[in-house]
Enquirer: 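Next up is a structure, given as structure tokens.
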Amino acid sequence: MGREISILVQPRCLLLFIVLSIFLIFAFLGTKREEEKSTVEEEHEITHRVYLDVDIDGQHVGRILIGLYGQVVPKTVENFRALCTGEKGKVANGKALLYKGTPFHRIVSGFMIQGGDIIHGDGRGSESIYGGTFPDESFKIKHSHAGVVSMANPGPDSNGSQFFITTVKTSWLDGEHVVFGKVIQGMDIVYMIEGGAGTYSGKPRKKVIIADSGEIPKGKWDEEK
């Protein structure tokens with residue numbers, strides 16, 4: 001009798017194993033599809049293109065071309081775009097709402113380059129085109145790769161003029177900083193800044209200045225390729 005039960009149990013175990021294996025295969029494929037879908041969803045339309053021309057210790061090294069995601073974070077994009085052109089004039093203390101002439105004041109090796117302090121030039125100041133600071137708009141776009149352009153802030157809902165460009169994937173910043181663009185051309189310049197002036201403390205070894213900044217009209221986008 002015991003032998004008959006053993007003979008019956010073995011096919012049942014085999015069947016159970018086959019069913020479980022099929023289930024695991026489909027579960028794995030489903031997860032893979034979700035990952036692929038997620039990757040596709042990370043591609044957002046570029047609505048504006050702006051540039052930062054960079055000097056290191058007085059020598060022109062090149063241009064960083066940045067694409068902006070105006071459909072996802074329109075208020076944040078408009079702030080950065082207008083600070084690139086300088087079209088909003090000056091703040092009450094006479095400082096121009098303009099990136100031109102300001103430094104990359106914090107350059108951390110293996111992490112990012114940070115600039116945009118239009119008030120003091122050392123990281124203590126930040127002013128938006130809206131007056132003071134403005135709230136976090138959306139955390140939809142992630143810090144998923146090198147070349148992400150994101151708002152620098154001292155805490156929640158305190159965005160001004162400071163920004164940073166990543167040199168690695170920085171997913172731990174998701175939900176803390178608003179991503180609004182990416183480097184389209186000029187990552188070699190970003191790495192040159194990081195490698196030539198970066199330190200682990202963030203204090204630059206060389207003087208890195210945004211010598212000029214502005215917007216590329218849509219009709220001239222092809223000329224930038």
Enquirer: Apply side-chain contact (heavy atoms from CB on, under 4.5 Å) to the pair Met151 and Phe180, showing each step before the final yes or no.
Expert: CA-CA 8 Å; Met151 293 301 293; Phe180 60 89; 3.4 Å; yes
Enquirer: Mark yes or no for whether Glu215, through its side chain, and Cys84, through its backbone, hold a donor-acceptor pair below 3.5 Å.
Expert: no
Enquirer: Any donor and acceptor pair, going by atom type alone, linking the side chain of Thr133 with main-chain N or O of Ser158 inside 3.5 Å?
Expert: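 No, Thr133 side chain to Ser158 backbone: no donor-acceptor pair under 3.5 Å.
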Enquirer: Less than 4.0 Å between a side-chain N and a carboxylate O, is that true for Lys75 and Glu78?
Expert: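 The answer is no: the pair does not qualify as a salt bridge.
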Enquirer: Can you confirm whether His48 sits close enough to Arg81 that some side-chain heavy atom of one is under 4.5 Å from a side-chain heavy atom of the other?
Expert: yes
Enquirer: Determine, stepwise, if the pair Thr170 / Val148 fulfils side-chain contact (heavy atoms from CB on, under 4.5 Å).
Expert: CA-CA 9 Å; Thr170 55; Val148 163; 5.9 Å; no
Enquirer: Would you say that Lys95 contacts Lys90 through its side chain, given a criterion of any heavy-atom pair below 4.5 Å between the two side chains?
Expert: no
Enquirer: Say you draw a straight line from CD1 of Ile216 to NZ of Lys218; how long is it, rounded to the nearest 0.5 Å?
Expert: 13.5 Å
Enquirer: So which heavy atom on Pro204 is nearest to which on Phe104, and how close?
Expert: CG-O, 3.6 Å
Enquirer: Just one of Val50, Val149, Ile46 clears the side-chain contact (heavy atoms from CB on, under 4.5 Å) bar with Leu68, so which one?
Expert: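 Of the listed options, the one satisfying the test is Val50.
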Enquirer: Just verifying a value: how many Å separate Ile141 CD1 and Glu43 CD, rounded to the nearest 0.5 Å?
Expert: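 One finds 10.5 Å between CD1 of Ile141 and CD of Glu43.
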Enquirer: Under 3.5 Å, is there a donor-acceptor pair linking the side chains of Asp122 and His105?
Expert: no
Enquirer: Evaluate side-chain contact (heavy atoms from CB on, under 4.5 Å) for Leu65 paired with Val183, printing each intermediate quantity in order.
Expert: CA-CA 6 Å; Leu65 185 64; Val183 174; over 6 Å; no
Enquirer: Please give me the minimum heavy-atom distance between Val178 and Glu137, naming the atom from each residue.
Expert: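 Residues Val178 and Glu137, closest heavy atoms: CG2-N, 3.8 Å.
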Enquirer: Is the backbone N or O of His143 less than 3.5 Å from a side-chain atom of Asp174, with the two atoms forming a donor-acceptor pair by type?
Expert: yes
Enquirer: Do the non-hydrogen side-chain atoms of Val54 and Ile193 ever get within less than 4.5 Å of each other?
Expert: yes
Enquirer: Got Ile118 and Leu98 here, is their nearest side-chain heavy-atom distance under 4.5 Å?
Expert: no
Enquirer: Within the side chain of Arg205, is there an N or O that forms a donor-acceptor pair under 3.5 Å with the backbone of Gly198?
Expert: yes
Enquirer: Can you confirm whether Phe134 sits close enough to Thr76 that some side-chain heavy atom of one is under 4.5 Å from a side-chain heavy atom of the other?
Expert: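 Result yes, sub-4.5 Å side-chain heavy-atom pair found.
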Enquirer: Under 3.5 Å, is there a donor-acceptor pair between the side chain of His177 and the main chain of Ala152?
Expert: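 Flag not set: sc His177 to bb Ala152 has no pair under 3.5 Å.
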Enquirer: Any side-chain heavy atom of Ile210 within less than 4.5 Å of one from Asp212?
Expert: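 Not touching, per the 4.5 Å side-chain cut-off.
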Enquirer: Given 3.5 Å as the limit, does a donor-acceptor pair link the side chain of Tyr99 with the main chain of Ser161, or not?
Expert: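 It does hold such a pair.
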Enquirer: Restricting to non-hydrogen atoms, name the atom on Gly202 and the atom on Val108 that form the minimum distance, rounded to 0.1 Å.
Expert: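 The pair with the smallest heavy-atom distance is CA-CG2, 3.7 Å.
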Enquirer: Judged by modelled atom types alone, do Gln162 and Ser126 share a side-chain donor-acceptor pair under 3.5 Å?
Expert: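 There is no such pair between these side chains.
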Enquirer: Is there a path of hydrophobic side-chain contacts, each under 4.5 Å between heavy atoms of I, L, V, M, F, W or Y residues, that connects Ile209 with Ile113?
Expert: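 They do not share one cluster, since no chain of ILVMFWY contacts under 4.5 Å joins Ile209 to Ile113.
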Enquirer: May I ask you to decide if the ring planes of Phe111 and Phe164 are parallel, tilted or perpendicular, using 30° and 60° as cut-offs?
Expert: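 Taking Phe164 first and then Phe111, their aromatic rings sit tilted (interplane angle of 30° to 60°).
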Enquirer: Quick test of your reading of the model: are Arg63 and Asp53 salt-bridged, counting only N-O distances below 4.0 Å?
Expert: yes
Enquirer: May I ask you to decide if Gly195's main-chain N or O and Ser109's side chain share a donor-acceptor pair within less than 3.5 Å?
Expert: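 No, the answer is negative, given that no donor and acceptor are paired below the 3.5 Å cut-off.
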Enquirer: If I compare all heavy atoms of Ser213 with all of Leu52, which pair ends up nearest, and what's the gap?
Expert: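 Looking at all heavy atoms of both residues, the shortest contact is CB-CD2, 3.9 Å.
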Enquirer: Donor-acceptor check, side chain of Gln114 to backbone of Phe163, threshold 3.5 angstrom: yes or no?
Expert: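 The answer is no, because no donor-acceptor pair under 3.5 Å joins these two groups.
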Enquirer: Flag the pair Ser150 / Leu173 as yes when at least one side-chain heavy-atom distance between them is below 4.5 Å, and no otherwise.
Expert: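 The answer is no; the side chains never approach within 4.5 Å.
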Enquirer: Can the ring centroids of Trp221 and Tyr51 be said to lie less than 6.0 angstrom from one another?
Expert: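 No: the rings miss the under 6.0 Å criterion.
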Enquirer: Backbone N or O of Ser138 within a donor-acceptor pair of the Asp136 side chain at under 3.5 Å?
Expert: no
Enquirer: Give the minimum heavy-atom separation between Val61 and Ile189, together with the two atoms involved.
Expert: O-CD1, 3.1 Å
Enquirer: Please report the interatomic distance CD1(Ile165) to OG1(Thr167), rounded to the nearest 0.5 Å.
Expert: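 One finds 10.0 Å between CD1 of Ile165 and OG1 of Thr167.
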Enquirer: Write down the atom of Lys140, the atom of Val72, and the distance for their closest heavy-atom approach.
Expert: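 For Lys140 and Val72, the tightest heavy-atom pair comes out as CD-CG1, 4.1 Å.
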Enquirer: Would you confirm whether Thr166, through its side chain, and Gly147, through its main-chain N or O, come within 3.5 Å as a donor-acceptor pair?
Expert: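 Yes, the answer is positive, given that a donor and an acceptor are paired below the 3.5 Å cut-off.
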Enquirer: Is there a path of hydrophobic side-chain contacts, each under 4.5 Å between heavy atoms of I/L/V/M/F/W/Y residues, joining Met192 to Ile184?
Expert: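 They do share one cluster, since a chain of ILVMFWY contacts under 4.5 Å joins Ile184 to Met192.
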Enquirer: CG of Asp55 to NZ of Lys207: how many Å apart, nearest 0.5 Å?
Expert: 10.5 Å
Enquirer: Under a 3.5 Å cutoff, is there a donor and acceptor pairing between the side chains of Asn159 and Asn79?
Expert: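 No - no donor-acceptor pair under 3.5 Å links their side chains.
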Enquirer: Less than 4.5 Å apart, any side-chain heavy atom of Met112 and any of Val168?
Expert: no
